[in-house]
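Right, one structure below, let's go through it.
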Amino acid sequence: MNLTGKRILLAVTGSIAAYKACTVASMLTKAGAHVDTIMTRAACEFVAPLTFEALTGRPVYTDMWNTTGGLATHIAHVGLAHEADMLLVAPCTAQSIARLALGLSDDLLGVTALAVLGRKAVPPVVIAPAMDAGMFNSPATQAHVETLQSWGVVLAGPEVGRMASGFEGLGRLAEPDTIVGVARQAMGRHSGALRGSRVVVTAGPTREPLDPVRFLSNRSSGRQGFAIAQAAVDEGAEVTLITGPVSLPTPIGVKRIDITTAVDLRDAVLEQATGAYQAEALIMAAAVGDFRPAQTVDQKIKKKDGLPTLTLAHNPDILREVAQAEKGPKLVIGFAAESQDLVANAQAKLQAKSLDLIVANDITAADAGFAVETNRVHFVTEEGAEALPLMGKDEVAARLIRWAAARLH
């Protein structure tokens, strides 16, 4: 992910939800980020600093006047702020929001935030509010949130849910997955290679109904397409994901459109990627059914009526229609799932559909293709074919998006 190797300054403030920040710190560290933690005095009442030291393997800063090692932390904060690639405050209480908006600087978080926001090139700043619904909805808090957002501060949440008070409402800390997802999106929009670009990605299978309970489909899980959508967000793109029926969470920052049939997919792709909504890139990772039943019946086909005869009809050729559109994407990438003559079939498809790139994979391989977390693909262009080694679908997606960004820019 795009947080790998980044220096993330994680600030934890005094909320009962501070325990969730432990998971955030762990997720960021596992992703390869260098996480330095600042804890307010109130935060230390809920979670011990040692917990974050153990999770991140790095020092935790709790007191502006600590002189351990001969250097006052109130001086060290300048270095923390200068070196940070992101400031993430999670959880961020009502008091902390107010102090950040007012520029109060009598504690370590306050002086560090001032130094971060005062940099010539301000890095992403993300806050994850956590408080009772009444506190979050108060005019004072809303005014402070508005001020912070006007400075470019990004909010992760809050969410609607049960509070420590027992009441329910808007103010609950977002889940760690959401907080990290917002951080990834903020980093992409700050420094990603696709900032300002619009990318449309398709994913998953199509389903072609035969009767109210049966359909023709395939074994696509949608994992590769969803990974591509996330990789595009990581590079700062505005992403629309058009997906068939799958059981996968939508990546944070992605606009999702659910479809069922190949005709549904064709209509959504033409609307989102061509004409007035022209995208810079279209990446067709969906496993689109080539055929559909020529006739769909309204009632369930009964076994007692005998063996039915199934007549098939061709589904629309979506990529061909995109290529013929008056205003189409600058870059069009297709996928080819093949069981034989992998590169030759991919090259034929590349030429026939006027594509910029075909990502081809052998569906007969046990460790690649459908329903697994890894893939082994070839990037096929007019210049030739590049064989990639076996890797996770996330890494395939990252390689593909880097290729697309280089071609676009």
Side-chain angles (χ1 to χ4, degrees), residues 1-40 42-43 46-47 51-52 55-56 58 60 84-97 100 109 112-113 116 123-133 135-136 141 145 148-149 151-164 169-192 226 229-231 233-234 236 239 248-254 394:
M1 63 173 64
N2 61 352
L3 301 179
T4 302
K6 302 295 185 181
R7 298 200 63 166
I8 310 298
L9 192 51
L10 174 64
V12 184
T13 70
S15 165
I16 185 62
Y19 73 93
K20 288 186 179 180
C22 300
T23 303
V24 173
S26 177
M27 291 175 66
L28 294 173
T29 302
K30 288 178 180 177
H34 306 295
V35 182
D36 291 309
T37 307
I38 290 176
M39 298 183 69
T40 65
F46 292 99
V47 182
T51 303
F52 289 96
L55 291 171
T56 65
R58 299 176 67 85
V60 174
D85 294 304
M86 173 180 290
L87 172 61
L88 171 60
V89 188
C92 191
T93 61
Q95 178 175 344
S96 298
I97 288 176
L100 292 174
L109 173 56
T112 305
V116 169
V125 178
V126 178
I127 65 170
M131 65 201 73
D132 191 78
M135 297 170 66
F136 184 72
T141 301
V145 166
L148 293 173
Q149 288 181 307
W151 298 344
V153 174
V154 177
L155 260 66
E159 297 177 353
V160 174
R162 187 179 183 277
M163 315 291 176
L170 180 64
R172 181 184 175 91
L173 181 68
E175 292 302 314
D177 283 346
T178 299
I179 295 171
V180 174
V182 172
R184 293 175 73 168
Q185 183 186 20
M187 186 65 75
R189 290 184 171 178
H190 179 263
S191 56
F226 274 63
Q230 177 65 73
V233 169
D234 285 349
V239 181
L248 295 171
T250 308
I252 299 298
V254 167
D394 288 344

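The analysis underlying the following values was restricted to heavy atoms, covering all of them including side chains, and did not include hydrogens, waters or symmetry mates.
- Leu10 places a side-chain heavy atom less than 4.5 Å from the side chain of Phe52.
- Every pair passing salt bridge (charged side-chain N to carboxylate O under 4.0 Å, His left out) that includes a residue from residues 12-25 is listed here, sequence neighbours excluded: Lys20-Glu175.
- Taking the salt bridge (Lys or Arg N to Asp or Glu O under 4.0 Å) definition, one finds that Arg58 meets it with Asp36, sequence neighbours left out.
- Residues satisfying the side chain to side chain contact (heavy atoms under 4.5 Å, CB included) test with Ala113, not counting sequence neighbours, are Leu87, Leu100.
- Screening residues 22-35 for side chain to side chain donor-acceptor pair (under 3.5 Å), with sequence neighbours left out, gives no hits.
- Contact annotation: the side chain of Pro129 never approaches that of Leu173 to less than 4.5 Å [non-hydrogen atoms, C-beta and beyond].
- Taken to the nearest 0.5 Å, the OG1 atom of Thr112 stands 6.5 Å off from the CG atom of Leu9.
- Contact annotation: the side chain of Asp85 never approaches that of Pro123 to less than 4.5 Å [non-hydrogen atoms, C-beta and beyond].
- For the atom pair Ser15 OG and Met163 CE, the distance stands at 10.5 Å (nearest 0.5 Å).
- For Asn2, the side chain to side chain contact (heavy atoms under 4.5 Å, CB included) partners at least two apart in sequence or on another chain are Arg184, Met187, Asp234.
- In this structure Lys6 satisfies the salt bridge (Lys or Arg N to Asp or Glu O under 4.0 Å) test with no other residue, sequence neighbours excluded.
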Return all side-chain donor-acceptor pairs below 3.5 angstrom for residues 152-162, not counting sequence neighbours, or 'none' if the list is empty.
none

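- Note that CZ of Phe136 and OG1 of Thr141 are 8.0 Å apart. Values are rounded to the nearest 0.5 Å.
- In this structure Ser96 satisfies the side-chain hydrogen bond (donor to acceptor under 3.5 Å, both in side chains) test together with Thr93, sequence neighbours excluded.
- Checked against side chain to side chain contact (heavy atoms under 4.5 Å, CB included), Ala183 has the following partners two or more places apart in sequence or in another chain: Leu3, Met86.
- Put simply, the side chain of Asp177 reaches to within 4.5 Å of the side chain of Met27, judged on heavy atoms.
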Handout entry: Worked check of side-chain contact (heavy atoms from CB on, under 4.5 Å) between Leu28 and Val180
Key = CA-CA 7 Å; Leu28 294 173; Val180 174; 4.2 Å; yes

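- Checked against side chain to side chain contact (heavy atoms under 4.5 Å, CB included), Met135 has the following partners two or more places apart in sequence or in another chain: Ala94, Met131, Asp132.
- Here Thr250 contributes atom OG1 and Phe226 contributes atom CZ; the two are 5.5 Å apart, rounded to the nearest 0.5 Å.
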Practice task
I would like to know whether Val47 and Val12 meet side-chain contact (heavy atoms from CB on, under 4.5 Å); could you show each step before the answer?
Solution key: CA-CA 9 Å; Val47 182; Val12 184; over 6 Å; no

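- Rounding to the nearest 0.5 Å gives a distance of 11.5 Å between CG of Leu88 and CD1 of Ile38.
- Residues meeting the salt bridge (Lys or Arg N to Asp or Glu O under 4.0 Å) test with Arg189, sequence neighbours left out: none.
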